[in-house]
Novice: 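I have a structure I would like to understand better, so I am pasting it below and will then ask my questions one at a time.
One-based numbering, in listed order, for ligands and for the atoms of each. We count residues from 1, following the sequence as given.
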Amino acid sequence: MLPLPLLATSLATLVCAVSARPSLNYLENPFGVESESEEVRSEAIKRLLEVFGMEDPPLPRGHKQPPQYMLDLYNTVADVDGVTKDPYLLEGNTVRSFFDKLRSEQVEFRFNLSTVGRSEKVLTAELHLFKLRSQTSAALNRHHFCQVSVYQLLDSSKMNVTQGKKLLSSRLIPIHSSGWEVFTITQAVRSWMLDEGSNLGLQVVVRSLAGTQMDMKLVRFASGRNHHQSKQPMLVLFTDDGRHSATLESKELSDAPASPGLPHLPSAGLASRSARSLDYSEDYSASLPCQRLPLYVDFEEIGWSGWIVSPRGYNAYHCKGSCPFPLGQNMRPTNHATVQSIINALKLTKGIETPCCVPDKLFSINLLYFDDEENVVLKQYNDMVAGSCGCH
Ligand SMILES: *[C@@H]1O[C@H](CO)[C@@H](O)[C@H](O)[C@H]1NC(C)=O
Ligand SMILES: *[C@@H]1O[C@H](CO)[C@@H](O)[C@H](O)[C@H]1NC(C)=O
């Protein structure tokens, strides 16, 4: 067993070296010298997918146009670079849109929610229907409003329900209006998440104010079957997958002590140290004080542009530079870093490096993408962009 302080130092050295190196290249170090190895590349891409909460990249296909609602939502929560504008705008971290699978002539809809993780917390679910302008105008002018009700279809053989449906949402809508109408159907989606087999779909009923069912020619909604793709019925689901802090970081720390490869740690540290000193001799900026520098993550270069709608890439930034004694307040040092730099300057204890230049504020980014089932998903990822750097 390594003595604990030594372990901590070698870990710190590793973390320091990692943060000092831009781009994905840092993943090369633990694997040795082969810099362009295909194996390392695929391992690196796999790790990057994990950061984005996926096991495999969605299959890029000839995609349709994403729903305007999802594009608008993305532009509301994110700037052009994908960085979250306001962290309190979205309640959860995932929004999905689903298209109707039934494509029925009736006003019935069914959505396949199989891509939603079992552990995800359903916050809100909405049915978005596009109401078309009514065809018969003059004849029925005495009606101004109609009552539109959305029902969850139930299996009447399993439950003691006479009608076989449950009212989810009901609203008065002007008969001659046209445009999107949104109904809350959270209850139904929660029950479908518990039992996928109970998902028999939704039914919409339109009644006059007197309560009689109205002719569906008078009040019409666009269907996936007969109308333009941009007006398709859609289910929009807001969830939270519970992934909030960087899982990678905590994984690294908790994995390390249990790892049987412990004796290799010092040599891994050495390898990265030499890589770092190589960097230093080549790179003029190494002598500059700790600062934030650009690091553009290009999704096209990574090969993900086939399924990511937005952004094309983002500036993650990276922290680089030295943290020499004495650390000024502009280095945003922690007390611990200040003491470490003093100990390093005094050379009281061997092997104590100067503190590391690392991100000390992180921002989230948003991704709009197509999943394997061609649903459009908006997902927010925490701690993706270095907002500022400091000596830690
Ligand atoms: C939903 O989609 C999944 C994946 O394509 C499929 O396996 C499943 O059978 C679908 N469920 C229904 C009810 O169509
Ligand atoms: C359904 O009704 C039957 C007979 O009316 C009754 O025995 C049964 O307990 C009811 N089941 C539920 C779930 O209420």
Novice: Step through it carefully: locate the ring centre of F52, locate the ring centre of W304, and say whether they are under 6.0 Å apart.
Specialist: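 Yes, the ring centres sit under 6.0 Å apart.
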Novice: Considering only protein heavy atoms, which is closest to atom 12 (C) of ligand 1, and at what distance to one decimal place?
Specialist: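 Its nearest protein heavy-atom neighbour is N112 ND2, 3.5 Å.
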Novice: Has T84 got a side-chain atom pairing as donor or acceptor with P87's backbone, closer than 3.5 angstrom?
Specialist: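 Absent.
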Novice: Tell me whether E120 is salt-bridged to R96, with the criterion being a basic N under 4.0 Å from an acidic carboxylate O.
Specialist: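 Yes, this pair counts.
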Novice: Would you say the side-chain atoms of Q65 and S230 include a donor-acceptor pair closer than 3.5 Å?
Specialist: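 Result is no, nothing qualifies.
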Novice: Considering heavy atoms of the protein only, find what lies nearest to atom 4 (C) of ligand 1 and give residue, atom and distance to 0.1 Å.
Specialist: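 Result for atom 4 (C) of ligand 1: E373 OE2, 3.5 Å.
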Novice: What do we get for E196 next to ligand 1 when only non-hydrogen atoms under 4.0 Å count, side chain, backbone, both or neither?
Specialist: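 None of E196 does.
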Novice: With a 4.0 Å cut-off, strictly under, does atom 14 (O) of ligand 1 pick up any protein heavy atom?
Specialist: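 Protein heavy atoms within 4.0 Å of atom 14 (O) of ligand 1 - there is at least one.
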Novice: Students should be able to answer this: which protein heavy-atom is nearest to atom 3 (C) of ligand 1, and at what distance?
Specialist: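 Closest protein heavy atom to atom 3 (C) of ligand 1: S114 OG, 3.4 Å.
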Novice: Just by distance, with hydrogens left out, do K379 and T94 show a side-chain donor and acceptor under 3.5 Å apart?
Specialist: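 Their side chains do contain a donor-acceptor pair, which is all the 3.5 Å distance test asks for.
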